[in-house]
Structure formats: C-alpha cells, structure tokens
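The sequence lines fix the lettering, A, B, ..., with proteins before strands; numbering per chain opens at 1. Since we're looking at a predicted model, the values are computed, not measured. Values below: all heavy atoms of this structure, side chains included; hydrogens, waters and symmetry mates excluded.
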Amino acid sequence: MIDIKLLREDPALVRASQRARGEDEGIVDAILAADESRRSSLTEFERLRAEQKSVGKDVARAQGAQRAALLARTKDMAARVKELESAAAAAQEQLDALMYRVGNIVEPGVPVGGEDDYVVRKTVGTPRDFAVEGFTPKDHLELAEGLDAIDMGRGAKVAGARFYFLKGVGARLEMALLDVAMHQAVAHGFVPLVTPTLVMTDIMRGAGFLDEHAEEVYHLQSDDLWLTGTSEVALAGYHSGELLDLANGPLRYAGSSTCYRREAGSYGKDTRGIIRVHQFNKIEMFVYCDPAEAAAEHERLLAMEEEMLGKIEVPYRIIDTAAGDLGGPAARKLDCEAWVPTQGRYRELTSTSNCTTFQARRLNTRFRGASGRNEIAATLNGTLATTRWIVAILENHQQPDGSVVVPAALREHVGLDVLMPIG
RNA sequence: GGAGGCGUCGCCUAGUCCGGUCUAUGGCGCCGCACUGCUAAUGCGGUUUGGGUUCAUCGCCCAUCGAGGGUUCAAAUCCCUCCGCCUCCGCCA
C-alpha cells in the first residue's frame, strides 16, 4: 500500500504512476474524497465520544436522582456514539478498499508500457550454434526422459497435470542447484531460513498476493490458510509488526521453500515439461532496508543473481520490466532470462523486485530512522535458483548423444561431471 | 484428542477475583535539564504506538493492556471467538 500522505500531498505523482501502469488514475480523486469523508466522520465520532467519557465520569460521582438523570442522557448518547463509530469504521473501510487497489509508485526510469515494452539492459554470453555443431538440440523434457531425470506421466497420475517427479540425476541436479545457491547466499552474509509454506490471510494480503491474482493462490478453506507461491510471502511476514534495528545495515535473508501456484488462466501455455508447474522449489533472497538504500540494494540483488547464473554457464539477458507488467507491490522489477535453445528465445529464470515501503506498510514493519522517528522499512526480493533452471542447464549443456555436461560449479554438488542417458 | 495456566506502553512488574478515583503502578534502561574540574553519584522532568485537530509550534482530543467481537451509561477488569507461549494426560513416532 502506498502512503496516503503522499497521495494527499502529490496526487499528480500517483496519477502518473497509475497511468504508467495502464491503470485507473481516476481512483486518485476517489481516494481523496474517501479520505475527506473518513476524516470528517472520525472527527464527529471523536467529539461525541469525548463528551460521553466526560459525562461517564460524572455518573460515577453522582448519586440518586441526579445519577438517574445523567444515565438517561448517556444512554441516548451511547447509541449515537455507536452509530458514529460504525460510520467512521465504514468510511475507513471504504478508503482502505480503494487504497488496496493502487499499485506501488513506479520508480523513475521504468519503461512505460505493457508486457512487451521491457528494455533489455544487458545480454551476456552467446547461444550455441547447433547447426554448426551438426545436430538438432533436444528440448529439456526429451533430454530429461533420456536421462530418466523427470517423470511427467507419474506426476500426472499422482497429482494431476503440471505435476512431476524429479528422479535420479534430475533430483540430484535440483538439490545441487539449491545447495549452491544457498552456499552463495551465506557467503554473502544472507541468513538462511526454511520458511512456512502455509500462511495466514493477513500475511498473504500484506505481501500483496490477494489483490488481483488471488485466483493464482491455493487456499485451504477448512483452515483458512494459503499456500505460498514463493517464500517471499513468509519472509515478508517474518518481521511483520516489528520495529527493526537497521543501524548495522539491511537485514538479508535467503529463504528456501517449495512453491505452489495454481497457474489459473495459463491453459495451453508451456504445457510441456517443467517450465510452468504447480509446485517447484526455490531459493529466494529477501531484504529489509532503509528506503533510501533500496535502489542500491536492488542492484546488489541483481548482482547476486548474475553471479549465480554465471555458475550454470548459460547465455542470458537482463530486462527492465515495463510499468504495466509490474506486480502491485513492485516499484521496479528486473528479470534475468536464460536462453532456451529449442524455443529460440529467452525465458525468465530470476526476478528481483524493489517493493519499497509497499509491503512493509501493510505488514507494519518499521525501523528507527536516522531522525529518531520510526519509519516504514523497504523490502526487496530476488530469485537465486529454482527448479526451472534445470531447463536451461539441460538444453544449453546437451551433447549429440543426449548426455549433459554438468557446469563446473555444480559438479561437486551433483557428484557427476556428465549426466549420461540410460539404456 | 482432553484438562489447565498465562499474554499489561523497550525489559521486568502492579492492577483483573469485586467494572468508575486507571489520566495503567513501581523498578530498570533510555533522553533532557540542574548540580559538578571530568566521569560517576544525586535531584527534577520526560519516555507505548497510531490517528484526528492546527499553516506550524504549544496544546487539545480519539484509539491502543496479544487480536477481533459482545455486554454496559462506563471494560486492562465481565462474556465469546481466534492467535501465541507454557504445564499435565492420552495417542502416534
């Protein structure tokens, strides 16, 4: 949620941000009006409540007929106070409902437009030329089946479409990848956390995952808990309601969790293999810091992702996502996309977002600012490894015989230099 | 699964049985001022967090005793639900 004071003081800024996102800018005026009515109804309530309290003290002191007279008066007043209180609460609710619909203020410099209007910041590495090498590359699933590394059929039998088993070298490869990512995180001072994957509604909403894409999230109705699509959710909730000490710099965490996504509305997209699945594993970086340091911290998270991508030795590019493609909490989002030979295009492997104070305001996460005042902290997140990385590793390191060379940095963790087809 | 105890403004703590004098007690810590070669000690004052009002300051007001409801003229205090911590019993490993 953005700061209502900012909206009051600089509505044009909020309108511009909404416009950049391709969202309703008329909501700004609706909020100003709702804020006005909230404040006037609150003032009205508070005035009568103050009177009620002071008369209540007289009641305590009064005796006999005088007391009865006061009671008659305060009885009516109590009913009126109750009305005004619920009117004020309703006005607050109305304002909140509108505020929850406003995305974070887009960071200056973010490209304007939609999904296809990203700006490529940098391209690293050169895709292999399989024509020159003299063979047609297999896609990740065909390779994995040859290696007996992924079993989609049995995944579907047991859990349905978009579920799978990682098996043998597939399982080993995933664990190695997550392990290498976690080691890197620790080496850079991140604190490892294995997080809950079920969270309460307040946390899910606070992290910003129930605003527009609630249908993307699995919900356990009988317990009213939500399955997280990323450990970002639990990590954002980790310090909710707390006053942080950031005097020694940002708090940096590396969360490890299984992630669950309903993938509603993606029928027919990426149906082959493990590119888009309902369940996968991820190492996620998460940072709490002073908002003044957030942009610099964002670059640090990106550097972490690049270091990790360097270890799997695949060509990739970095894109600056356009405003219209940002999630509500993000002020800026930078994705690293790896080259997938059989698709002839780059696919997202990591995503790092600067959420500034958007999540922390909802989750009431503050810190003691330089001025001595309590301020809302900034939060950032970024991917360090996911199951999907296997796709890029298999396809980019395949050989004509269907074997796959393990990138040097993973070899010790996998326990193999080359993954060999079975049979 | 069953029985019970507990949660107070940084930390500890009084208050809850029996509703009003709670504007939440006291200690520690912290901040300011005074005194003082310096430090310490001492004294005095301040010290939850949000919000409203105000151009702003001072101030005034509202909410806040784990969270949310309820009863009442009035709730830290009574009732209900939830969250968390602890103890015991049962069951499973």
Side-chain angles (χ1 to χ4, degrees), chain A residues 1-10 31-100 195-207 210 219-226 228 233-234 236-248 251 357-377:
Chain A
M1 177 146 60
I2 65 164
D3 187 355
I4 182 84
K5 283 184 204 132
L6 176 71
L7 188 143
R8 281 204 288 255
E9 282 159 20
D10 195 354
I31 288 172
L32 289 171
D35 184 41
E36 201 51 56
S37 93
R38 168 197 147 251
R39 281 191 285 170
S40 69
S41 66
L42 187 61
T43 303
E44 215 181 325
F45 157 69
E46 285 182 352
R47 189 184 307 124
L48 194 68
R49 173 73 177 144
E51 192 183 341
Q52 184 196 25
K53 283 173 72 170
S54 95
V55 176
K57 276 172 196 164
D58 296 339
V59 171
R61 279 189 293 267
Q63 295 293 327
Q66 198 184 15
R67 186 183 174 99
L70 279 172
L71 279 181
R73 199 180 140 205
T74 54
K75 249 174 196 171
D76 290 343
M77 201 182 283
R80 181 77 186 127
V81 164
K82 206 158 261 187
E83 276 169 36
L84 290 175
E85 184 172 25
S86 68
Q92 177 74 56
E93 232 167 85
Q94 217 157 29
L95 174 64
D96 286 345
L98 289 169
M99 285 296 285
Y100 268 83
T195 67
T197 53
L198 284 169
V199 300
M200 292 190 280
T201 303
D202 287 352
I203 301 298
M204 192 52 102
R205 191 189 303 116
L210 295 182
H219 182 220
L220 275 67
Q221 206 160 12
S222 52
D223 297 284
D224 197 22
L225 289 169
W226 304 79
T228 57
V233 180
Y238 187 66
H239 284 305
S240 61
E242 297 182 21
L243 189 61
L244 304 176
D245 181 3
L246 298 179
N248 299 316
L251 298 178
T357 57
F358 189 90
Q359 292 176 322
R361 182 168 293 103
R362 289 183 177 190
L363 291 164
N364 190 29
T365 308
R366 297 166 303 159
F367 71 104
R368 186 78 64 184
S371 60
R373 296 285 306 163
N374 295 335
E375 297 175 37
I376 306 284

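Pair check for B/C92 finds none; no Watson-Crick or G-U wobble contact set falls under 3.5 Å. The base-pairing partner of B/A3, taking Watson-Crick or G-U wobble contacts with both distances under 3.5 Å, is B/U87. Across every strand in view, B/C58 sits unpaired, with no contact that passes the Watson-Crick or G-U test at under 3.5 angstrom. The base-pairing partner of B/G10, taking Watson-Crick or G-U wobble contacts with both distances under 3.5 Å, is B/C28. With both pairing distances under 3.5 Å, B/U23 is matched to nothing as a Watson-Crick or G-U wobble pair. Of all nucleotides present, none satisfies the Watson-Crick or G-U wobble test against B/C35 with each distance under 3.5 Å. Nucleotide B/U49 forms a pair with B/A63, judged by Watson-Crick or G-U wobble geometry with both contacts under 3.5 Å.
A gap of 48 Å separates the P atoms of B/C82 and B/G32, to the nearest Å. Across the P atoms, B/U21 and B/A63 are found 14 Å apart, a figure rounded to whole Å. Comparing the P positions of B/C73 and B/C61 gives a spacing of 25 Å, expressed to the nearest Å. B/C31 sits 11 Å from B/A40 when the P atoms are compared, rounded to a whole Å. Comparing the same atom, P, in B/U23 and in B/G2 gives a spacing of 41 Å after rounding to whole Å. Nucleotides B/A76 and B/A3 have their C1' atoms positioned 27 Å apart, rounded to a whole Å. When the P atom is compared between B/C65 and B/U8, the two are found 12 Å apart, to the nearest whole Å. B/A75 and B/C80 have their C1' atoms separated by 15 Å, given to the nearest Å.
Position along RNA chain B of the nearest nucleotide to A/E36 versus A/R366 favours A/R366 as the more 5'-ward residue. Positionally, the nearest nucleotide of RNA chain B for A/L42 lies more toward the 5' end than for the other of A/M200 and A/L42.
Rounded to a whole Å, the CG atom of A/L48 is 12 Å from the P atom of B/A74. Between the CZ atom of A/R47 and the C1' atom of B/U53 there is a distance of 10 Å, rounded to whole Å. When rounded to the nearest whole Å, the span between CZ of A/R49 and P of B/C60 equals 19 Å. Rounded to a whole Å, the CG atom of A/L84 is 14 Å from the P atom of B/C62. One can place CZ of A/F45 at 9 Å from P of B/C62, the figure rounded to the nearest angstrom. Across the protein-nucleic acid pair, A/E9 atom CD and B/A56 atom P stand 11 Å apart, rounded to whole Å. For A/L95 and B/G51, the CG to P distance is 13 Å, given to the nearest whole Å. When the P atom of B/G20 is taken as reference, atom CG of A/D58 falls 17 Å away, rounded to whole Å.
Taking each heavy atom of A/I203 and A/V233 in turn, the nearest pair found is CG2-O, 3.5 Å.
Without hydrogens or angle criteria, A/Q359 side chain to A/A207 main chain gives a donor-acceptor distance under 3.5 Å.
Among the atoms of the strands shown, base atoms are found under 4.0 Å from some heavy atom of A/L71. Residue contacts for A/R38: at a heavy-atom cut-off of 4.0 Å it reaches the sugar-phosphate backbone alone, with no base atom in range.
In terms of phosphate contacts, A/K53 brings a side-chain nitrogen or oxygen within less than 4.0 Å of OP1 or OP2 of B/A63. Applying the 4.0 Å criterion to OP1 and OP2 of B/C73, one finds that A/Q52 has every side-chain N and O outside that range. For the OP1/OP2 pair of B/U71 and a distance below 4.0 Å, the side-chain nitrogens and oxygens of A/K82 include at least one atom meeting the criterion.
Remark: A/R205 engages no residue in a side chain to side chain donor-acceptor pair (under 3.5 Å) (not counting sequence neighbours).
Other residues, nucleotides and ligands contribute only 12 or fewer heavy atoms inside 6.0 Å of the CZ atom of A/R73.
Proximity note for A/K5 (side chain, C-beta onward) versus B/G51, B/U53, B/A74: the nearest is B/G51. Considering only side-chain atoms of A/K75, the nucleotide from B/C73, B/C61, B/U53 that sits closest is B/C73.
In summary, A/R80 and A/E83 engage in a salt bridge, as defined by a charged side-chain N under 4.0 Å from a carboxylate O.
Here CG of A/D35 is found 12.0 Å from CD of A/Q94. Values are rounded to the nearest 0.5 Å.
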Going through the distances and angles, do A/R8 and A/I31 end up as a side chain to side chain contact (heavy atoms under 4.5 Å, CB included)? CA-CA 9 Å; A/R8 281 204 288 255; A/I31 288 172; over 6 Å; no

